[in-house]
Amino acid sequence: MLLEVRDLHVEFRTREGTARAVNGVDYAVEEGRTLAVLGESGSGKSVTAQAVMGILDTPPGRITGGQILFQGEDLLKLKEEQRRRIRGAGMAMIFQDALSSLNPVLNVGDQLGEMFTVHRGLSRKAARARAVELMERVGIPGAEERVRQYPHQFSGGMRQRIMIAMALALEPALIIADEPTTALDVTVQAQVMELLAGLQRELNMGLILITHDLGVVADVADRIAVMYAGRIVETAPVHDIYRAPAHPYTRGLLESIPRLDQKGRELYAIKGLPPNLTRIPPGCAFNPRCPIAQDICRTDEPPLYEVAPGRRSACHFWRETLGREKPGEKPRGKPGGEPGGGPGATSEEKADE
Amino acid sequence: MSEPILEMRGLVKHYPLTRGILFKKQIGAVKAVDGVDLDLLPGETLGIVGESGCGKSTLAKMMVHLERPTAGVLRYKGEDITQLSGRALKRVRRNIQMVFQDPYTSLNPRMTVGDIIGEPFDIHPEVAPKGDRRRRVRELLDVVGLNPEYINRYPHQFSGGQRQRIGIARGLALRPEIIVADEPVSALDVSVQAQVINLLAALQRELGLSLVFISHDLSIVRHISDRVGVMYLGRVVELGRDEEIYDHPTHPYTQALLSAVPVPDPLAREHRERILLGGDVPSPAHIPSGCRFRTRCWKARERCALEVPLLAVPAEFRLAEGPAKHPSACHFAEEKRVVPTAGPSD
Ligand SMILES: Nc1ncnc2c1ncn2[C@@H]1O[C@H](COP(=O)(O)OP(=O)(O)OP(=O)(O)O)[C@@H](O)[C@H]1O
Ligand SMILES: Nc1ncnc2c1ncn2[C@@H]1O[C@H](COP(=O)(O)OP(=O)(O)O)[C@@H](O)[C@H]1O
Ligand code: SF4
Ligand code: SF4
Ligand SMILES: [Mg+2]
Ligand SMILES: [Mg+2]
């Protein structure tokens with residue numbers, strides 16, 4: 001196993017109290033494979049990734065438990081100096097917003113070249129040549145001339161390509177891409193995803209792809225891990241999840257996206273909102289929004305049950321959920337009867353203060 | 001067929017590009033909207049899709065009179081309202097309201113929800129007499145699925161989805177006939193997005209509104225719209241009913257756009273052709289000659305650089321009846337199916 005995160009806990013001290021952003025995350029990535037991490041904003045996807053990379057804001061953040069095994073070694077036991085060496089050469093990260101993660105006052109050639117002068121001890125001239133090579137590799141036309149340009153002189157899609165080039169520079173074993181295409185237009189998104197997936201295959205890197213777009217996931221991932229309120233609630237090979245989700249939250253997500261290939265009826269809407277992380281409900285964190293919650297859900301936190309080899313679900317009623325037919329046969333009561341289902345629906349949603 | 005409630009004819013919005021501080025000299029123009037003809041029919045939902053910067057928001061602002069067109073005509077129920085001002089404009093504006101994209105910044109943080117939703121009544125007191133306003137605001141909160149007890153709360157006490165509902169309630173306050181919603185769900189998470197889309201669709205139906213729904217998300221637009229216009233670099237390049245656009249697109253840009261949308265269904269994806277476009281959208285300050293899509297079009301030929309293709313039913317489809325017969329601004333329009341047929345509705 002290339003990377004294994006075990007029972008990771010991260011907290012943030014906030015004015016409102018302690019926000020439990022990550023509450024026992026378990027996930028693993030094999031060499032050369034792609035794991036997609038899916039979840040709504042605030043579910044802890046980025047914080048988990050930052051903990052793995054060792055770039056968490058501490059304070060206010062604090063890792064309060066768990067292990068992060070990278071090539072068998074627990075990163076949480078290493079000194080900062082050792083971790084710095086792993087960043088870049090062992091693992092690298094691609095962020096959503098390339099403009100703010102690139103240095104605005106350095107031209108891209110110098111930024112790319114720095115990877116080679118600092119980590120590989122190349123001369124400035126040799127580093128520049130490698131930078132041009134990298135830019136060509138990620139499909140930037142006219143790399144020879146553009147290597148002297150600054151980040152703001154590139155379009156959003158080009159900047160994202162430069163970020164990918166930076167991440168790939170030292171050919172790390174693991175890449176973490178945090179919403180790498182969210183800020184881009186669909187047609188450019190498709191180009192960038194294609195590039196990333198192609199390079200990942202070619203270099204046989206492990207890839208953690210963080211996204212909230214199920215479509216992107218289906219295109220490139222081998223496995224998927226769904227996060228909710230700081231936990232993995234379901235993990236499985238991509239196709240299995242799509243055909244038969246084993247967790248009510250996953251099922252709700254799948255059913256609430258409009259489809260390109262048909263004009264929809266009313267959309268299924270998961271009622272309510274994700275919990276405030278300073279006050280996560282006892283039992284299953286999803287219980288206030290779950291259409292099939294029972295008493296046990298309000299008292300006992302579900303473990304990650306093994307549903308099938310390679311498939312897990314943190315739901316006491318995974319059997320019942322899985323047993324339902326494919327998405328479409330909805331576990332809902334009255335359509336539109338839920339809060340937010342339609343005009344006049346009386347809302348029981350609580351403002352998330 | 002009923003008369004359009006809103007007609008756009010040759011609408012143009014150019015923002016001048018200037019150089020110099022003291023003596024500003026115009027050196028060009030950002031052609032944000034560059035000749036748009038569209039009709040909005042009473043009671044319909046017209047979707048507008050396109051990539052970032054193609055002019056969707058600028059067009060929306062012209063529809064609600066927040067921007068004045070550089071050229072072109074805007075008609076409301078047959079009356080030219082392009083140059084209206086003062087009282088005459090106020091009368092028309094009441095009927096055309098806008099809902100904005102960003103529920104985080106479009107609401108004044110120092111006003112209570114009651115004041116935000118009731119504010120339009122200050123400008124149009126005839127709609128709700130003073131003594132009746134609180135009641136009307138409570139009604140509106142109820143209509144958009146918010147607890148009327150929240151009337152004295154402030155925007156920061158609400159979630160994104162709830163703030164979007166507040167924005168919608170405000171848009172409805174004056175009982176407009178037309179709502180222009182610019183990316184009303186783009187800032188929301190999927191599970192909350194569905195709540196707001198259902199709300200808008202139900203309101204449109206029940207109040208008989210004419211709705212312009214702007215989004216860069218093609219799936220959402222299909223879900224909610226009766227007709228869809230596809231924009232590229234300041235123009236509408238293809239226009240049709242939802243199945244005409246999604247199942248029988250004839251413009252290469254629409255085809256590329258549709259084929260680029262990631263589809264989660266693994267079965268549907270297997271039978272799918274991807275058209276990967278080269279390059280980026282050109283700057284709206286430097287629009288290519290002839291067909292504005294030609295720098296990225298895989299079918300471009302010499303004629304495309306010379307002649308501007310107009311938005312009309314292409315000659316090859318004019319005679320036969322069928323879903324390919326709809327306006328498409330391409331010299332070489334051809335049907336090409338890129339969205340796989342929906343399986344047995346699963
Ligand atoms: N006030 C302005 N001055 C100069 N240029 C402007 C102005 N407003 C918009 N533009 C430009 O006009 C073009 C169209 O902008 P518009 O906001 O209408 O795009 P859009 O389709 O709504 O994009 P998005 O999907 O990103 O919201 C862009 O190139 C934009 O930079
Ligand atoms: N620097 C920080 N200080 C306080 N809270 C934070 C910080 N970074 C993240 N959080 C909180 O941790 C939770 C998870 O955030 P994040 O991992 O960024 O979510 P996402 O799944 O959207 O990537 C959120 O509630 C967020 O507000
Ligand atoms: S454990 Fe209970 S509340 Fe949680 S998802 Fe399963 S059924 Fe719903
Ligand atoms: S007119 Fe020419 S360049 Fe424009 S879309 Fe049609 S084929 Fe492509
Ligand atoms: Mg994030
Ligand atoms: Mg816009």
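Every chain is numbered from 1 and lettered A, B, ... according to where its sequence line falls, protein lines coming before strand lines. As the structure is a prediction and not an experimental result, all values here were calculated from the model.
If you measure heavy-atom distances from B/Leu276 to chain A, the contacts under 4.5 Å come from the side chain alone. The part of B/Ile197 that comes within reach of chain A is its side chain, from C-beta onward, which places non-hydrogen atoms under 4.5 angstrom from that chain. A/Val217 does not touch chain B: none of its heavy atoms, backbone or side chain, sits under 4.5 Å away.
Ranked by non-hydrogen atom pairs under 4.5 Å with chain A, the options B/Ser225, B/Ser259, B/Ala201 are led by B/Ser225. Contacts with chain A were tallied for B/Ala260, B/Pro148, B/Ser219; B/Ser219 has the most, counting heavy-atom pairs under 4.5 Å. When B/Leu218, B/Asp242, B/Leu207, B/Val281 are compared by the number of non-hydrogen pairs under 4.5 Å with chain A, B/Asp242 comes out ahead.
In this structure, CZ in B/Arg274 is found 11.0 Å from CD in A/Gln191, a value given to the nearest 0.5 Å. The CD1 atom of B/Ile220 sits 10.0 Å away from the CD1 atom of A/Ile257 when rounded to the nearest 0.5 Å.
The shortest non-hydrogen separation linking A/Gly272 to B/Gln195 is O-NE2, 3.3 Å. Across all non-hydrogen atoms, the minimal contact from A/Leu260 to B/Arg222 is O-NH1, 2.8 Å.
Annotation: B/Arg135, atom CZ; neighbour count of heavy atoms from other residues, nucleotides and ligands within 6.0 Å is above 12.
No hydrogens or angles considered: a donor-acceptor pair under 3.5 Å links the side chains of A/Thr187 and B/Glu51.
Of the possible donor and acceptor atoms, one in the side chain of B/Asn198 sits under 3.5 Å from a partner among the backbone N and O of A/Leu267.
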